[in-house]
Amino acid sequence: MQDTDSQINQATVPRHIAIIMDGNGRWALRQNKARTFGHKAGVNALKQTIESCASYGVDVLTVFAFSSENWLRPKQEVDVLMGLFMLTLKNQANKLHKNNIRLKIIGDRSRFSTALQGKITEVEALTSNNTSMTLVIAANYGGQWDISQALKRLAKHAKETNKSVDDFDINDFLSTAGLPEPDLFIRTGGEQRISNFLLWQIAYSELYFTDVLWPDFDKNELRTAIMSYSTRQRRFGHTSEQISAGAIK
Ligand code: FPP
């Protein structure tokens, strides 16, 4: 196999990768196993992807672990997902910290158990000063929720400071405030939709869809996605000629 890692240089590595990790259930059902077996395998794929992103020098990895709509799933599956979330935080906190990775959870955490909320706060605090990569886990997250909470907080802040809403930037009130926008948006599992993930933030992201089911997503699949990204010309509204002339630094 050609060593494509050498073709991926810093210039072609996305600064921020966002992933919808879809296909756990189908992966398990294909092996006559319960859907939750797929979620457990999904945690392993996530661990590998974190390691690969860190080794490529990606600054931010954002993954969709649980959407605001996922509460509609059977209670047993929701319970397993919550349990996995807690277990993964417990098991991986020290490893993340040792690897200088900062953890940030985005989403409405008020619906989580007190114990899970406490663990999230604890791991975020432990890793808050880490600088090699930021791992953002979207949990009970929805893009529409994010925009809505941002607008409410912005309006409140404007009122309290006696200023106009025009004096503020919506980005500063989104749950991703301070993070760069995703350069590469990946969805595994064959569906080609956004499913209420980072609606505002992916305005200019490059979209990459693959039929690979999330538990099968490994370093090679990530490399293929980054290679695809590296062939795209991002124009941000400019013309090709302007880009060739160096319009975007
Ligand atoms: C989508 O697959 C996946 C999810 C709803 C959950 C993603 C969770 C993990 C990868 C593991 C837990 C994560 C953490 C951070 C501990 P699906 O169930 O919709 O698959 P399907 O489309 O095949 O049914």
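Quantities reported herein were computed from a predicted structural model and do not represent experimental measurements. This chain uses plain numbering: 1 for the first residue, then up along the sequence. Counting starts at 1 for both ligands and their atoms, following the listed order.
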- Task: Output, in order, the C-alpha distance, side-chain angles, deciding distance and verdict of side-chain contact (heavy atoms from CB on, under 4.5 Å) for Tyr141 and Thr62.
- Result: CA-CA 12 Å; Tyr141 178 88; Thr62 301; over 6 Å; no

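- The backbone N or O of Leu103 sits less than 3.5 Å from a side-chain atom of Thr127, completing a donor-acceptor pair.
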Identify the protein atoms, limited to N or O, that lie within less than 3.5 Å of an N or O atom of ligand 1, and list each pair with its distance to 0.1 Å.
from: ligand 1; atom 1: 2 (O); to: Asp22; atom 2: OD1; distance (Å): 3.4
from: ligand 1; atom 1: 2 (O); to: Gly23; atom 2: N; distance (Å): 3.4
from: ligand 1; atom 1: 2 (O); to: Asn24; atom 2: N; distance (Å): 3.4
from: ligand 1; atom 1: 18 (O); to: Arg35; atom 2: NH2; distance (Å): 2.8
from: ligand 1; atom 1: 18 (O); to: Arg73; atom 2: NH1; distance (Å): 2.8
from: ligand 1; atom 1: 19 (O); to: Asp22; atom 2: OD1; distance (Å): 3.2
from: ligand 1; atom 1: 19 (O); to: Arg73; atom 2: NH2; distance (Å): 2.7
from: ligand 1; atom 1: 20 (O); to: Gly23; atom 2: N; distance (Å): 3.3
from: ligand 1; atom 1: 20 (O); to: Asn24; atom 2: N; distance (Å): 3.2
from: ligand 1; atom 1: 20 (O); to: Gly25; atom 2: N; distance (Å): 3.0
from: ligand 1; atom 1: 22 (O); to: Asp22; atom 2: OD1; distance (Å): 2.9
from: ligand 1; atom 1: 22 (O); to: Arg26; atom 2: NE; distance (Å): 3.4
from: ligand 1; atom 1: 22 (O); to: Arg26; atom 2: NH2; distance (Å): 3.0
from: ligand 1; atom 1: 23 (O); to: Gly25; atom 2: N; distance (Å): 3.4
from: ligand 1; atom 1: 23 (O); to: Arg26; atom 2: N; distance (Å): 2.7
from: ligand 1; atom 1: 23 (O); to: Arg26; atom 2: NE; distance (Å): 2.8
from: ligand 1; atom 1: 24 (O); to: Arg35; atom 2: NH1; distance (Å): 3.0
from: ligand 1; atom 1: 24 (O); to: Arg35; atom 2: NH2; distance (Å): 3.1

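- Within the 3.5 Å criterion, the main-chain N or O of Gly143 finds a donor-acceptor partner in the side chain of Asn196.
- Thr188 contributes no side-chain N or O that, together with a main-chain N or O of Gly23, makes up a donor-acceptor pair within less than 3.5 Å.
- Here the side chain of Gln149 pairs a donor or acceptor atom with the backbone of Phe173 at under 3.5 angstrom.
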- Task: Mind running salt bridge (charged side-chain N to carboxylate O under 4.0 Å, His left out) on Asp183 and Arg15 for me, showing each step along the way?
- Result: CA-CA 6 Å; Asp183 301 296; Arg15 198 172 161 209; over 6 Å; no

